[in-house]
Amino acid sequence: MDLFTLSDIVKAIRKKEVSFKEVVNFYLKQIDKHNPSLNAFLRLNEKGLKKIDTFKPQGLLGGVPLGIKDMFCTKGLKTTAASKMLGDYVPPYSATVIERLEQAGAFILGKCNNDEFAMGSAGKNSHYGVTKNPWDLSCVAGGSSSGSASAVAAHLCAGALGTDTGGSIRLPAHYCNLVGIKPTYGRISRYGMISYASSLDQAGPLTHTVEDGALILDAITGYDPKDSTTADLAPTQFHKQLNSQVKGMKVAYFNVFQENEDIHPEILESQEKVLKVLKERGCELIEKKWPFLDYGASVYYLISTSEASSNLSRYDGVRYGFRSKKSPKDLKDFYGFNRSEGFGLEVKRRILMGTFCLSTGYYEEYFHKACQVRYLIQQEFMEIFKTCDAILCPVSTNTAPKVKEDVNILKNYLNDQFTVFANLTGLPALSLPVHLSKQNLPIGAQLIAPAFKEQNILNIAKSLEEELQLYKEKPDGF
Amino acid sequence: MDFKDWEPVIGLEIHAQLKTNSKMFSSDGAQFNEGENNQISSVSLGHPGTLPVLNKQAFYWALKTAKAFNGVVKNKNVFSRKHYFYPDLPKGYQVSQYDKPFCDGGKVEYYLEDKLHTVFLERIHMEEDAGRSLHKGTSTLVNFNRAGVPLLEIVTKPDIRDSKSAAACAKAIRKTLRYLEVCDGNLEEGSLRCDCNVSLRKKGSTKLGTKVEIKNINSFRFIEKALSYEIDRQIQCLEADKMIYQETRLYDSTKNQTQTMRSKEGASDYRYFPEPDLPVVTFEKSILENLKLPELPLEKARRFKTEYELQDKVIDLLVEDKNLADYFEQIVFKTKSPQIVSHWVVGELQALLKETHCSIEQCPISANHFAELISFVNQGTISNKMAKEIFILMWKSKKTPQEIIEEKNFKQISDDSALEKLIDELLSKYPKQLEDYRGGRTKIFGFFVGQIMKETKGQAHPEKLSSLLKKKLDATN
Amino acid sequence: MKIENKLLDNIALLAALHLSEAEKEQLLDYLKKTLSYFQNIKKIDTKNVPPLISPFNPTLKLREDKVIDSPEKQDLLDQAPERQGNLFKVPPVI
Ligand SMILES: [Mg+2]
Ligand SMILES: [Zn+2]
């Protein structure tokens, strides 16, 4: 099958050039062949697959097989958050985004691996093993939406849904030559998306092209009465308004990276390349200073772990989820056994840090202080957007690291340092492929827009995509 | 009450369950029921990915309550999460309010022994209830029907100085909540829960002593008893130079004692922080202004006094329950006899309600029929005694007074000529007794009355009968 | 700031996590290192700055007080690790 962008597939099915069943079978073959080495899919939607003969591939995403990060509840289909804690959990309901995808005619092909409870940037924290990068099997796919990125990059599905709390869509997209979009906070319902950090989490697509991403967004955006934090806005029409004419758009860029020794030189080169293209295409480039660059990761980790410590309190082994076989002598033991055996190390680390940040005597100094700095950060970004339509910056300092590479935790945490700002401010951001390194590893660029102005960066990304055509590159052997 | 040199300092913490159809943050039913986990959903059980959505009715009722107690309502409302682990707490935290309750201050006013008392409120906040744990020895069983039911927590300032006032204050709060029709106020079913904080200090001192919280009090009588016991206990401790520990004690009504509730292991640190799943609720002042309050108990009492000129004691009994007061007024509206009606309502009616454990809403006699009955007495159609009998028959049979009067031939004989005819017949039947009476044995007057009453099965109009009889007996003398 | 064993024990208790001695050592080291880095935000002057809790505050939509009987009750009960009748069962609390 030559088709591989999501929009090609929708069109081909609509024109009956290919049948829905053929498309599904193509991906099933791919999965059969490659999933054992990638570990991208955790399980397939067996019930759905049994009914493909009667499936009606109609609608915006008519007949598109999608991979779903295992952070989204799918009714009747096991959803684990890649944790032992939810190893046998079968949700009695579906997330709003899943319902909307199905209403738009998409087919849920299966559930994708991720860092346990979306905590991680390398995909190494899954209870079900690390996910590999199809561009180099000795490298990680990036996290936490590791399986989603790997699966799309290796053509195991047409597109995928991920979640992004501090960069978990954009970072793996950058590592895997994909478009990854984190829309404005409140644009997409979080109902049924397993919470990591409530005020930072947003769902979003991982796809080959900008148009593919826009199509998925248009299927899932819009107010949801089940999520009080969604904005009261109608579903978007991004794909219809996609326009690569970006003449006159004002794009801010940050010139602080030259001094950063940790940043890969090819990432700096790729940024230069992008700026050049934008200039050629008539954008006005404005240099700005990245506000609070050194503090984003700190604020992000203090807040996200605090919220996580609270959100993950519900996993206690009383109503659902893992229960230890050990016999407890008291209530404290009961909870302790269930939670200590059910959660992996990184999750426990973050729960402890968050519990500390919220505890008496430390709340002001840590959680509250972080929220205040968060306010200042948001103000500064709003200030930039008074004169700009978008911001261009790197996604990360490096290309995909090796699976075996064992960097210290703090350094790992700083992988997110460029992406967390969009989550802290709630602003929409995306990552798109802009370069392949000498080692043939993908490099992405990040674009950030004002709140609810996703169209700005979708159009700029579309323009860059038209010029650079990186989506046509395929990893060897896939 | 004698507290020796000590002065009790008492504050109340009342949890009132708002009588909404659905829970505070989810659409499951919120009724009191005995079923096992039949009011649950993914949301109320805290399943992964579920989110809260605030119940409009609960929110409006909270505002209405704040308005009724004269509290200051903030136009921004912030929910917070309160964390602790317990099997009946589904999410590991309770959605509540912490440093920014929706209502600050306010006051409760009530009469006790003819004196107006005022207790100021600290705050009112909204929160969700937890489920219920049943401890069965070898295991604990959890029912989540109540988990997520909307509650108001009303906290008074430590303004109360004795146990009687504490009970009266709690009653006044309950009465207002019931007038607002936002809470059943049923202490036994737990739709109203009253915790008391009590400490002692030396008279004249302004420093507060160590506070003890008493829980598990399920009647107003027990508020008084539990506090009296606890005050005594604390006095004895202090006088014996023993420490009072800051703790929660449970009231055991069978022993009339408060007992230490074994404290949960380790330090409790609720780690409150603003609930990120619920946006700050900002609302227009007009919402509050447009919320109509019913006439509240004190206003009603004052009006009853000026409008109907009733006694304070009677008014108290009437306004105790809004529905009873409404019932009373409906009858008065038809009969225009507030005094008579009030006696009937606080007398016959309340006695029967009490005897049958009925609330006024369950009263089988409609206000209309009740008014008809009283009108028959007013017109002299039946006697007061008959009316009381008919009242009981009305209760049992649900028939109208008219029907019962006709059926049982309850008509009073008050027509002069009919009575005279009866008297003539009687006198001709008992010539000897007539002779005796006229001879001076006037005390046998009662004999004649009795005979006629017997003859008429008590239907003769008593006053008329006696005046006519007297006239006849004396006339021919 | 000093995070010592006692503090870690207390946090673990609040978080309802059982930690082995080996884990404790590792976690103590982790908390010390990361938190001391994250403390860099202390340098920022935040006097009179309000905390940002959620990026945007949408106008609140309230839910009508209508009961929707959950169709998934049985599924919810079936998820219970242990059950007695329709009640969730846990070890004795007292
Ligand atoms: Mg309280
Ligand atoms: Zn409370």
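Within the 4.5 Å cutoff, the side chain of B:Arg271 has heavy atoms near those of the A:Thr355 side chain. Annotation: side chain of B:His83 is in contact with side chain of A:Ser313 (closest heavy-atom distance under 4.5 Å). Side-chain contact check for A:Arg314 versus B:Thr50: some heavy-atom pair is nearer than 4.5 Å. Looking at heavy atoms from C-beta onward, B:Val53 lies out of side-chain contact with A:Pro225 at the 4.5 angstrom threshold. Residues B:Tyr86 and A:Leu331 meet the side-chain proximity criterion, which asks for heavy atoms closer than 4.5 Å.
A:Ile303 CD1 to B:Phe273 CZ: the interatomic distance, rounded to the nearest 0.5 Å, is 10.5 Å. With rounding to the nearest 0.5 Å, the separation of OG in A:Ser310 from NZ in B:Lys91 is 9.5 Å.
Within the 4.5 angstrom heavy-atom criterion, only backbone atoms of B:Tyr272 (N, CA, C, O) approach chain A. Looking at A:Thr79, there are no atoms closer than 4.5 Å to chain B (heavy atoms on both sides), in backbone or side chain. Residue A:Leu312: no heavy atom, backbone or side chain, is found under 4.5 Å from chain B. Contacts of A:Tyr315 with chain B are made by side-chain atoms alone, with heavy-atom separations under 4.5 Å and no backbone atom involved. Proximity to chain B involves both the backbone and the side chain of A:Tyr191, based on heavy atoms less than 4.5 angstrom apart.
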Next on the checklist: Pair A:Ser359, B:Asp269 - check side-chain hydrogen bond (donor to acceptor under 3.5 Å, both in side chains), show working.
Outcome noted: CA-CA 7 Å; A:Ser359 66; B:Asp269 179 347; 4.6 Å; no
Next on the checklist: Please evaluate residues A:Arg190 and B:Asp277 with respect to the criterion side chain to side chain contact (heavy atoms under 4.5 Å, CB included), reporting the C-alpha separation (whole Å), side-chain torsions for both, the decisive distance (0.1 Å), and the verdict.
Outcome noted: CA-CA 10 Å; A:Arg190 293 185 297 115; B:Asp277 286 335; 2.9 Å; yes
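Interface check for chain A: of the options B:Leu54, B:Leu278, B:Val142, B:Leu45, the most heavy-atom pairs under 4.5 Å are formed by B:Leu45. Counting heavy-atom pairs closer than 4.5 Å to chain B, the top-ranked of the candidates A:Ser306, A:Ser189, A:Ser198 is A:Ser198. Contact count against chain A (heavy-atom pairs under 4.5 Å) is highest for B:Pro87 among B:Pro274, B:Ser26, B:Pro87.
More than 12 non-hydrogen atoms from other residues, nucleotides or ligands lie less than 6.0 angstrom from CZ of B:Arg193. Heavy atoms of other residues, nucleotides or ligands lying less than 6.0 angstrom from NZ of B:Lys211 number 12 at most. Around CZ of B:Phe32, the count of heavy atoms belonging to other residues, nucleotides or ligands within 6.0 Å exceeds 12. Counted within 6.0 Å of CG on A:Asp88, heavy atoms from surrounding residues, nucleotides or ligands total 12 or fewer; the atom is thus considered open.
Closest non-hydrogen pair, A:Pro92 versus B:Ser42, comes out as CG-OG, 3.8 Å. The shortest non-hydrogen separation linking A:Arg319 to B:Pro90 is NH2-O, 2.7 Å. Closest heavy-atom contact between A:Asn311 and B:Tyr93: OD1-OH, 4.4 Å.
Taking the salt bridge (Lys or Arg N to Asp or Glu O under 4.0 Å) definition, one finds that B:Asp88 meets it with nothing, sequence neighbours left out.
Taking the six-membered ring where the residue is Trp, B:Phe85 and A:Tyr335 present tilted rings, their angle falling between 30° and 60°.
Listed by first then second residue, pairs satisfying ring pair (Phe, Tyr, Trp, His ring centres under 6.0 Å) with a partner in residues 72-91 of chain A read A:Tyr89-A:Tyr320, A:Tyr89-B:His47, not counting sequence neighbours.
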